[in-house]
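Report on one structure; see the data block that follows.
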Number of protein chains: 2
Amino acid sequence: MRLSKKKRQSQLIESFQKNPFLTDEEVARQCDVSIQTIRLDRMELGIPEMRERLKHMAERSFDEVRSLSPEEVIGEVVSLELDHSGVSVLEISADHVFERNQIARGHYLFAQANSLAVAIVNADLVLTRSAAIRFVRPVTLGEKCVAHAKVVQKQPSRFQVDVETKVLDDMVFQGVFDVYRATN
Amino acid sequence: MRLSKKKRQSQLIESFQKNPFLTDEEVARQCDVSIQTIRLDRMELGIPEMRERLKHMAERSFDEVRSLSPEEVIGEVVSLELDHSGVSVLEISADHVFERNQIARGHYLFAQANSLAVAIVNADLVLTRSAAIRFVRPVTLGEKCVAHAKVVQKQPSRFQVDVETKVLDDMVFQGVFDVYRATN
DNA sequence: CCACATTCTAGTACCTAGTCCTAAATTAGT
DNA sequence: ACTAATTTAGGACTAGGTACTAGAATGTGG
């Protein structure tokens, strides 16, 4: 006997999770059943065909790249007054948290604040020289982090930008960034 | 006249870059040429068919998830003495840099240092309370960043971890992290 | 042991988004 | 006007499927 239907199906779920690139033919051979059986299983389990699986993976990763790369800012900038102030919003998704406890990894909050501090300065090449930051309280999955940045010191090529990130009215992160206009 | 072959082809490259999900049929309509022309173009330019493109994207994102998630550390930890010291290596790839100037975005260096500082502490739930960091010099595409972390102060649930990141013998990043064991 | 249900297998027609190939038609350059 | 480059058309074939029908094998209850 080859395995009951239920066992096969739960094994199937695992297989596709571990390796989404498997074709029906390959798993059929693995389970020693016909290709049609695998297809019926996929129907019942609501698992899409390989091409669709890959497409969804590609979509997800593409969306990430797109939201990161064009503006090169983490979080969505909702208002920006160059050389003065700005606000960005980052909703903590599953990608941002530790699996075990659903707490956001610090560097995402840092990245949000840092890229906002850099975006605020009106120049082609802006880099961070130094920063002092505090993670006031842990942020968890689903929370919407709103970062407010403002320039507090302005010199020809050096800026001090203060960033405060809140969830609702709750302060979660504070940072002071020393950024500079670099000569390209 | 519809556009010269060269213009069409360079537009094609851009289109596929902007949206890898396009089928030949769709771009053919966009360029107002036949599907075969697009296929010849793809051949000449060495652009694979859509399904292959998506597959490669899926592969890349799959690999990333696999290499990032298990340890939840950015960079590869090459040595680790719990509660004492550790070293991790991060090679700056195209994903880490600003497109314009090939300079690594600060938060990747921060992420490497931060996750090493957290990994070093022997406890289930470790979070960063605060940090003071300095980006000593910009890091560019292809450079291999080696972060050395050591615990310089140890209290029951609070640690100060100093991190220095170098490219060869060149200091590029310095950070002092205040991390703590949290009660889960 | 029979009957009936569940489960599995086989096979056909069809789909998309292609490849590979041949051949004809069109356009451009000189 | 002639040749060469470019474009288009079409046919045969492919992978990895969907959707559907029908039959075979394997249970399981009575």
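Atom set for the values below is all heavy atoms of this structure, side chains included, hydrogens, waters and symmetry mates excluded. By convention in this document, chain letters (A, B, ...) are assigned in the order of the sequence lines, proteins followed by strands, and residues within each chain are numbered from 1.
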**Report entry** Lys/Arg-Asp/Glu bridge criterion (N-O < 4.0 Å) met for A:Lys150, A:Glu81
**Finding:** no
Query raised in the report: For A:Glu44 and C:dT7, what is the distance between atoms CD and P respectively, to the nearest whole Å?
Result: 8 Å
Query raised in the report: If each of A:Met50 and B:Leu40 is mapped to the nucleotide of DNA chain D with the nearest heavy atom, which maps nearer the 5' terminus, i.e. the 5' end?
Result: B:Leu40
Requested in this report: Could you tell me whether the phosphate oxygens of D:dG16, OP1 or OP2, come under 4.0 Å of any side-chain nitrogen or oxygen in A:Thr23?
Outcome: no
Report summary line: Whole-Å distance, B:Asp41 CG to C:dT19 P, equals 12 Å
**Report entry** Spacing between B:Ile47 atom CD1 and C:dA17 atom P, to the nearest angstrom
**Finding:** 18 Å
**Report entry** Whole angstrom value for the distance that separates P of C:dC21 from CE of B:Met43
**Finding:** 11 Å
**Report entry** Nearest-Å distance for atom pair CD1/P, residues B:Ile38 and D:dT8
**Finding:** 9 Å
Report task. Give a yes or no on whether a donor-acceptor pair under 3.5 Å exists between the nucleobase atoms of D:dG10, that is its base, and the side chain of B:Gln36. Result -> yes
Requested in this report: Please state whether the phosphate of D:dT8, meaning OP1 or OP2, lies under 4.0 angstrom from any side-chain nitrogen or oxygen of B:Arg39.
Outcome: no
Query raised in the report: Whole Å only: how far is the CD atom of A:Glu49 from the C1' atom of D:dG16?
Result: 7 Å
Query - Base of C:dG18 paired with side chain of B:Glu52 (donor-acceptor, under 3.5 Å) - result: no
Query raised in the report: When the distance from CD of A:Glu25 to P of C:dA10 is rounded to whole Å, what number comes out?
Result: 13 Å
Query raised in the report: At under 4.0 Å, does any side-chain N or O of B:Ser34 touch on OP1 or OP2 of D:dT8?
Result: yes
Requested in this report: Starting from P on C:dA17, measure out to CG on A:Leu54 and report it in whole angstrom.
Outcome: 15 Å
Report task. Go through the structure and list residues passing side-chain contact (heavy atoms from CB on, under 4.5 Å) with B:Arg158, not counting sequence neighbours. Result -> B:Arg129, B:Gln155, B:Asp178, B:Tyr180
Query raised in the report: So, are B:Lys154 and B:Asp83 salt-bridged, with charged N and O less than 4.0 Å apart?
Result: no
Report task. Given side-chain contact (heavy atoms from CB on, under 4.5 Å), test A:Phe110 with B:Asn114 step by step and report yes or no. Result -> CA-CA 10 Å; A:Phe110 175 82; B:Asn114 183 52; over 6 Å; no
Requested in this report: With heavy atoms under 4.0 Å as the rule, sort B:Arg53 into base, sugar-phosphate or nothing.
Outcome: nothing
**Report entry** Side chains of A:Gln160 and A:Asp162, donor plus acceptor under 3.5 Å
**Finding:** yes
Requested in this report: Could you check which residues of residues 5-14 of chain B get a heavy atom under 4.0 Å from DNA chain D? Sort them by number, please.
Outcome: B:Lys5, B:Arg8
Requested in this report: Return the nearest nucleotide to the side chain of B:Arg51; candidates are C:dC8, D:dT18, D:dA15.
Outcome: D:dA15
Query - Residue list, salt bridge (Lys or Arg N to Asp or Glu O under 4.0 Å) with B:Arg53, at least two apart or on another chain - result: none
Query - Test item: side-chain donor near acceptor, A:Asp32 and A:Gln30, under 3.5 Å - result: no
